[in-house]
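Data first, discussion second: the structure below is written as structure tokens.
Worth saying up front: this structure is predicted, and the values here are computed from it rather than measured.
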Amino acid sequence: MLILAQIPSFHSLRHINLVSLVLCLLYSACAAGGSIYIGKSSKGPEKNYSLKGDTENRLFGVFNALSIIATTYGNGIIPEIQATLAPPVKGKMFKALSVCYTIVCVTFFSVAISGYWAFGNESEGLILSNFVDNGKPLLPKWFIYMTNVFTILQLSAVGVVYLQPTNEVLEQTFGDAKSPEFSSRNVIPRVISRSIAVTISTIIAAMLPFFGDINSLIGAFGFMPLDFVLPVIFFNLTFKPSKKSPIFWLNVTIAVVFSTLGAIAAIAAVRQIALDAKNYKLFANV
């Protein structure tokens, strides 16, 4: 990540994005294939699809899951925003958006369905964790290593994309727009500032091992408003439909419902982090 973070601009990432797509398809196929193999073999756990916990935990679990889903399917928000731009960009970005959600649905649904079928209510937030049972691998070790390598490389590529807003702020703060992009005046501050940002992020991520919980928190505070609330509000503000028209009140209803869901999901996410904090410690090996 320290090396990849030095890529100067978002435009420079187009080749990495292609590699990321291939890796996403590869590790999704491995995760789904591994789950099916374990589910059909005698090595797999006994399948139990009942819901765990009491009514309170189940209810909060629903809202927690909704915000995680919002995070998962909100990855297309960048091309979705760009798809609203004027032609000819609009046509190209709509195609990109269609490809994006096609890949998202194929990969996520295949992993989710096969993983839940194989492991039931014992499915982990990271399904690859189910491939090892009490330290005993349920698949050939080389297959598990290969899948993890695909996953780590793909997450590195995705991480670079999500670093770009931070990099832009650092560039504006410490860079000099009048100097060449690869001049020492820009390269030295870029290397130092981005390396410090990646190092701090990595330490915090390792310190707080709440993968699913953090996804839920991000979904509640970030992706739910971005995906469901702001678009309909902007539509009403931009196109100004009549307050008597169904589209106006449909948009208002969507905004109110998902604002409420986001607020409840945020409470559920914070609650889940508080509950899991009792079982975790800093830099825990989970």
Can any side-chain N or O of Asn186 pair as donor or acceptor with the backbone N or O of Pro180 at less than 3.5 Å? yes
In terms of heavy-atom contacts, Ser114 and Ile36 come closest through CB-CG1, 4.0 Å
Determine the minimum heavy-atom distance between Ala31 and Val111, stating which atoms define it. CB-CG2, 4.1 Å
Who else is in Tyr145's hydrophobic cluster (ILVMFWY, side-chain heavy atoms under 4.5 Å, direct or via others)? none
Compare every heavy atom of Cys30 with every heavy atom of Thr147, then report the nearest pair and how far apart it is. OG1-CB, 3.3 Å
Which donor-acceptor pairs under 3.5 Å do the side chains of residues 197-212 make with protein atoms, sequence neighbours left out?
from	atom 1	to	atom 2	distance (Å)
Thr199	OG1	Ser195	O	2.7
Ser201	OG	Ala197	O	2.9
Thr202	OG1	Val198	O	2.8

With sequence neighbours left out, the residues meeting side chain to side chain contact (heavy atoms under 4.5 Å, CB included) with Phe235 are Phe239, Pro241, Ile247, Asn251
If you link I, L, V, M, F, W and Y whenever their side-chain heavy atoms are under 4.5 Å apart, who else ends up in the same group as Phe174? Leu170
Rounding to 0.5 Å, atoms CE (Met146) and CG (Leu139) come to a distance of 10.0 Å
Matching residue for Ile144 among Val149, Leu138, Val132 - test: side-chain contact (heavy atoms from CB on, under 4.5 Å): Val132
For residues 46-55, the salt bridge (Lys or Arg N to Asp or Glu O under 4.0 Å) pairs (sequence neighbours left out) are Lys52-Glu122
Minimum heavy-atom separation for Ser28 to Thr107, with atom names? OG-CB, 3.4 Å
Can you pull out every ring pair (Phe, Tyr, Trp, His ring centres under 6.0 Å) where at least one residue sits in residues 23-67? Sequence neighbours excluded, please. Tyr49-Tyr116
What is the minimum heavy-atom distance between Ser156 and Met1, and which atoms define it? O-SD, 3.3 Å
Report whether Leu66 and Val257 are members of the same hydrophobic cluster (ILVMFWY, side-chain heavy atoms less than 4.5 Å apart, transitive linking). yes
Grouping I, L, V, M, F, W and Y whenever their side-chain heavy atoms are under 4.5 Å apart, do Val106 and Trp117 come out in a common cluster? no
Going by the salt bridge (Lys or Arg N to Asp or Glu O under 4.0 Å) test, which pairs reach into residues 129-145, not counting sequence neighbours? none
Qualifying salt bridge (Lys or Arg N to Asp or Glu O under 4.0 Å) pairs with a residue from residues 184-197, counting only residues at least two apart or across chains: Glu171-Arg190, Glu171-Arg194
Does Leu250 share a hydrophobic cluster with Met224, counting links as ILVMFWY side-chain heavy atoms below 4.5 Å and allowing steps through other members? yes
What pairs with Ser123 under side-chain hydrogen bond (donor to acceptor under 3.5 Å, both in side chains), at least two apart in sequence or on another chain? none
Does one hydrophobic cluster hold both Ile127 and Leu153, with members joined at side-chain heavy-atom distances below 4.5 Å? yes
Val252: hydrophobic cluster co-members (side-chain, 4.5 Å): Phe248, Trp249, Val256
Common cluster, Leu275/Val270, ILVMFWY with side-chain heavy-atom separation under 4.5 Å: no
Return each pair, listed once, that meets salt bridge (Lys or Arg N to Asp or Glu O under 4.0 Å) where at least one residue sits in residues 241-260; pairs must be two or more places apart or across chains. none
Could you tell me which non-hydrogen atom of Ser20 sits nearest to which non-hydrogen atom of Gln154, and how far apart they are? OG-NE2, 3.2 Å
Taking transitive links into account, so neighbours of neighbours count too, which hydrophobic residues share a cluster with Val169 at under 4.5 Å side-chain distance? none
